[in-house]
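Beneath this line is the structure, given in structure tokens, with notes to follow.
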Amino acid sequence: MTGEYLENNDSEIKATGATTSTVDTLTAVLDLEMLGKSKWRSIKQVKPAIEAGLVSEGTINDRARAVLQFLKKAGKFDDRRVDVPETAQNLPEHQDLIPALLGPLAKYAAAHGGGSASLNCHYKVSPFDTFSSRLGVDVHVTYSKEAHLFRVYPDMEEGCKNSTGNPGFTAQYWKNSAFEGELFNTNNVPRGSFTTLMDTGVEGKLGVRFTTT
């Protein structure tokens with residue numbers, strides 16, 4: 001991740017699954033391995049590399065310093081809490097309001113997305129808990145879930161069979177987007193969603209047909 005935002009302290013961040021070594025990526029100025037818990041940059045991998053003289057402690061310090069500088073520029077070490085001296089229930093324009101929260105996310109702390117957008121937050125708090133704490137014990141906050149919100153639509157599974165007669169779907173792959181000629185790969189999946197991420201068997205695909213009976 002580089003650019004004007006980081007000024008002269010650029011950071012190199014690798015996308016999910018793109019890191020496949022320890023020493024090479026450290027010495028090649030890769031500052032952060034994505035995603036989540038480190039696979040190639042943990043103490044288990046790094047300590048033996050230092051002891052064998054394959055990478056220096058100074059290099060490790062440089063990689064860590066770049067990440068900390070990035071976090072500092074993003075304001076992650078600042079206290080951004082706002083001190084509001086007067087509680088909401090004491091404001092005249094709020095006296096006649098009924099404190100109510102609606103929706104499936106009112107009691108859920110949706111602090112991040114999924115996959116590469118997921119984070120291990122220092123803490124998370126839901127809107128309901130925030131309002132309840134801020135308004136105090138003298139105010140009863142009501143809540144209704146209303147319509148359920150799906151993160152993703154439920155998979156089609158019931159009654160679906162693949163080409164072998166087993167539950168699921170059949171995925172057929174072509175090396176063109178017109179589905180012409182012979183397909184070069186076929187596999188079966190148990191539900192109505194699939195991913196080809198890091199699937200070397202379907203590299204070069206331009207068309208995929210997903211079928212079930």
Answer yes or no: is there a side-chain heavy-atom contact under 4.5 Å between [X] and [Y]?
X	Y	answer
Phe131	Val139	no
Lys205	Phe184	yes
Asn188	Thr164	yes
Leu183	Tyr173	no

Quick check on [X]: does its [atom1] atom have over 12 non-hydrogen neighbours (other residues, nucleotides or ligands) under 6.0 Å away?
X	atom1	result
Tyr143	OH	yes
Tyr108	OH	no
Lys47	NZ	no
Glu51	CD	yes
Lys161	NZ	no

Considering non-hydrogen atoms only, spot the tightest contact between [X] and [Y] and give its length.
X	Y	value
Asp31	Val67	O-CG2, 3.6 Å
Lys39	Glu33	N-OE2, 3.1 Å
Gly181	Trp174	O-NE1, 3.1 Å
Gly207	Phe179	C-CE2, 3.8 Å
Ala106	Leu101	CB-CB, 4.0 Å
Glu146	Leu102	OE2-CD2, 3.9 Å

How long is the span from the [atom1] atom in [X] to the [atom2] atom in [Y], to the nearest 0.5 Å?
X	Y	atom1	atom2	result
Asp62	Ser56	CG	OG	7.5 Å
Leu105	Leu149	CG	CG	5.5 Å
Asn162	Thr213	CG	OG1	7.5 Å

Check whether any side-chain N or O of [X] sits under 3.5 Å from a backbone N or O of [Y] as a donor-acceptor pair, and report yes or no.
X	Y	value
Ser133	Asp129	no
Asn185	Val202	no
Thr27	Asp24	yes
Thr212	Gly168	yes
Thr22	Gln45	no

Check your understanding: Do Trp40 and Leu26 sit in the same hydrophobic cluster, where Ile, Leu, Val, Met, Phe, Trp and Tyr count as joined when their side-chain heavy atoms come under 4.5 Å apart?
Key ->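 Unlinked, Trp40 and Leu26 end up in two clusters.
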Check your understanding: Should Phe128 and Leu135 be counted in the same cluster of Ile, Leu, Val, Met, Phe, Trp and Tyr side chains packed under 4.5 Å apart?
Key ->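 Both belong to a single hydrophobic cluster.
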Check your understanding: Do Arg63 and Thr59 pass the side chain to side chain contact (heavy atoms under 4.5 Å, CB included) test, and can you show the C-alpha distance, the side-chain angles, and the key distance before you say yes or no?
Key -> CA-CA 6 Å; Arg63 301 291 80 76; Thr59 297; 3.3 Å; yes
Check your understanding: How far apart are the C-alpha atoms of Leu68 and Phe77, what are their side-chain angles, what is the distance that settles it, and do they pass the side chain to side chain contact (heavy atoms under 4.5 Å, CB included) test?
Key -> CA-CA 9 Å; Leu68 294 174; Phe77 299 132; 4.0 Å; yes
